[in-house]
Protein chains: 2
Amino acid sequence: MTTPHRDTDARRRGRPPATNARELELAALRLFSEHGFDDTTVEEIAAVAGVSRRTFFRYFDSKSAALWHQFDGEVQRLRTAFDAVSPHTPLMDAIREVVVGVNHYRAEDVPELRTRMHLISTVPALQTSAGPHYDAWERAVSDFAARRLNQPPDTLYPLAIGRTTLAASRAAFDQWLTTADTDLTTYLDLSLHALANGFDTRTR
Amino acid sequence: MTTPHRDTDARRRGRPPATNARELELAALRLFSEHGFDDTTVEEIAAVAGVSRRTFFRYFDSKSAALWHQFDGEVQRLRTAFDAVSPHTPLMDAIREVVVGVNHYRAEDVPELRTRMHLISTVPALQTSAGPHYDAWERAVSDFAARRLNQPPDTLYPLAIGRTTLAASRAAFDQWLTTADTDLTTYLDLSLHALANGFDTRTR
DNA sequence: CGTCTATTCGGCACTGAGTGCCGAATATTG
DNA sequence: CAATATTCGGCACTCAGTGCCGAATAGACG
């Protein structure tokens, strides 16, 4: 991850930044939607934000990274939510509540979220870039599970719980994308309940 | 996926292929291990196999695709195994048995498998390319679950089952990679049992 | 105000992945 | 031997990503 310029502004010394990650992200999101990911060059994204190609790569490691900016932010919100959860809530319940809680979006943010997730789940070149971002998300869950189970995070159970939690959540996202207007959190809750039930078809 | 030259040989007409996907895969695997993925150029891989750079891209869509050749083959073996499973075996049991069954490897194939999986799970540029390959694997499971549940494959339950099955299997693979010599299938069986139990910590 | 220093920006040059195109090479068919 | 089918190699091109360096622009300090 690039850590170029701290967003927290108390007016620093040198030349002020001409843009920021968020602005570049929005420019990328717009162009990707209009012309497609492959037919958009970094040059064009940078131009929309009013900076040079070189500067784009100071904010993002790759062309696709711009789309993962918000997602990466969710990882941090996940971790803080896990830190705040009651130690008496059973493990899988705690995970479900945290994931669902982090995914409450304001109505005005939903269209952008839909656009981004639609791109991520349809454009092959973007699926291709998902790996490291998903890993970080999974690790947040694995670390929590590891603390609860009193095991190292890279052992079977914590690993499996982190990975399957993301897997179930992604299924919920995909389902949400193809439906008209059911709430995202409804699908997340459903999918994570199913996970905690071992997909027992009798209990549905 | 590139479909360049049918491997099934009954001696066709034109100029005979100078290499094949398997040979290129082995060349890539060796160079990636020795010099690292990033420090290996497609030019070098092609040279080891005795062909030109241009020809490499006739067999694989990308430099990383060479490493996924065997994995992609497993998807087909998964599908045929699912077709052969007894309709009376409960869903999650069937999935576990099929996945475990497909992952029995001959002892002489294990070193190559370890090398490949180690590269896949440690090199960022390779994690980055995993998405589409994982998707195909998941879809094989989702399609089976969909038939069993009598639902379309792109609905919540089949989707979630396909994705979480891969997630649990990958956790088992990772655990197997970090241990010395426990059998892979042992971990797979453990992880998929845990999945079917909803990671109920009381039953362990 | 003038100078120093910190920080970002823009441009240049370079490597390497991936692609389109076309003629050369090499096989079978008749 | 001629026709046809198929793969190969090479060239040229676009674009992502990176290292480097000087220019630009701000605050700090005399």
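Only this structure's heavy atoms are used, side chains among them; waters, hydrogens and symmetry mates stay out. All values derive from a computational prediction rather than experimental measurement.
Atom CZ in B/Phe56 sits roughly 16 Å away from atom C1' in D/dG9 (whole-Å rounding). D/dT6 atom P lies 19 Å from atom CG of B/Asn20, rounded to whole Å. What separates CZ of A/Arg53 from P of C/dC14 is a distance of 15 Å, to the nearest Å. For the pair A/Phe57 CZ and D/dC20 P, the interatomic distance rounds to 17 Å; values are reported in whole Å. One atom, CD of B/Glu44, and another, C1' of C/dA17, lie 13 Å apart when rounded to the nearest Å. A straight line from CG of B/Asp38 to C1' of D/dA16 spans 14 Å, rounded to a whole angstrom. As a whole-Å value, the separation of A/Arg54 CZ from D/dA23 P is 18 Å. Atoms CD (A/Glu23) and P (C/dT8) sit 16 Å apart, rounded to a whole Å.
A centroid separation of 6.0 Å or more is found between the aromatic rings of A/Trp137 and A/Tyr134.
For the pair A/Ser52 and C/dG11, the criterion of a side-chain N or O lying under 4.0 Å from OP1 or OP2 is not met. Contact check, B/Arg12 against D/dT7: a side-chain N or O comes under 4.0 Å of OP1 or OP2. For the OP1/OP2 pair of C/dC9 and a distance below 4.0 Å, the side-chain nitrogens and oxygens of A/Tyr59 include at least one atom meeting the criterion.
Nearer the 5' end of DNA chain C, as judged by each residue's closest nucleotide, is the contact made by A/Pro16, out of A/Pro16 and B/Glu43. Positionally, the nearest nucleotide of DNA chain D for B/Gly14 lies more toward the 5' end than for the other of B/Gly14 and B/Val51.
Contact detail for B/Val102 and B/Glu74: the closest heavy-atom pair is CG1-CG, 3.4 Å. In this structure, B/Ala196 and B/Met92 approach most closely via the heavy-atom pair CB-CB, 4.0 Å.
Taking the side chain of B/Lys63 as heavy atoms from C-beta on, and the options C/dG18, D/dG10, D/dC8, the nearest nucleotide is C/dG18. The side chain of B/Arg15 sits closest to C/dT26 out of C/dT26, D/dT25, D/dG17. Nearest nucleotide to the side chain of A/Arg13, out of D/dG19, C/dA6, C/dT19: C/dA6.
Contact annotation: the side chain of B/Leu91 approaches that of B/Ile161 to within less than 4.5 Å [non-hydrogen atoms, C-beta and beyond].
Distance CG/B/Leu29 to NE2/B/His69: 12.5 Å, rounded to 0.5 Å.
Within 4.0 Å (heavy atoms only), A/Thr40 reaches sugar-phosphate atoms of the nucleic acid but no base atom.
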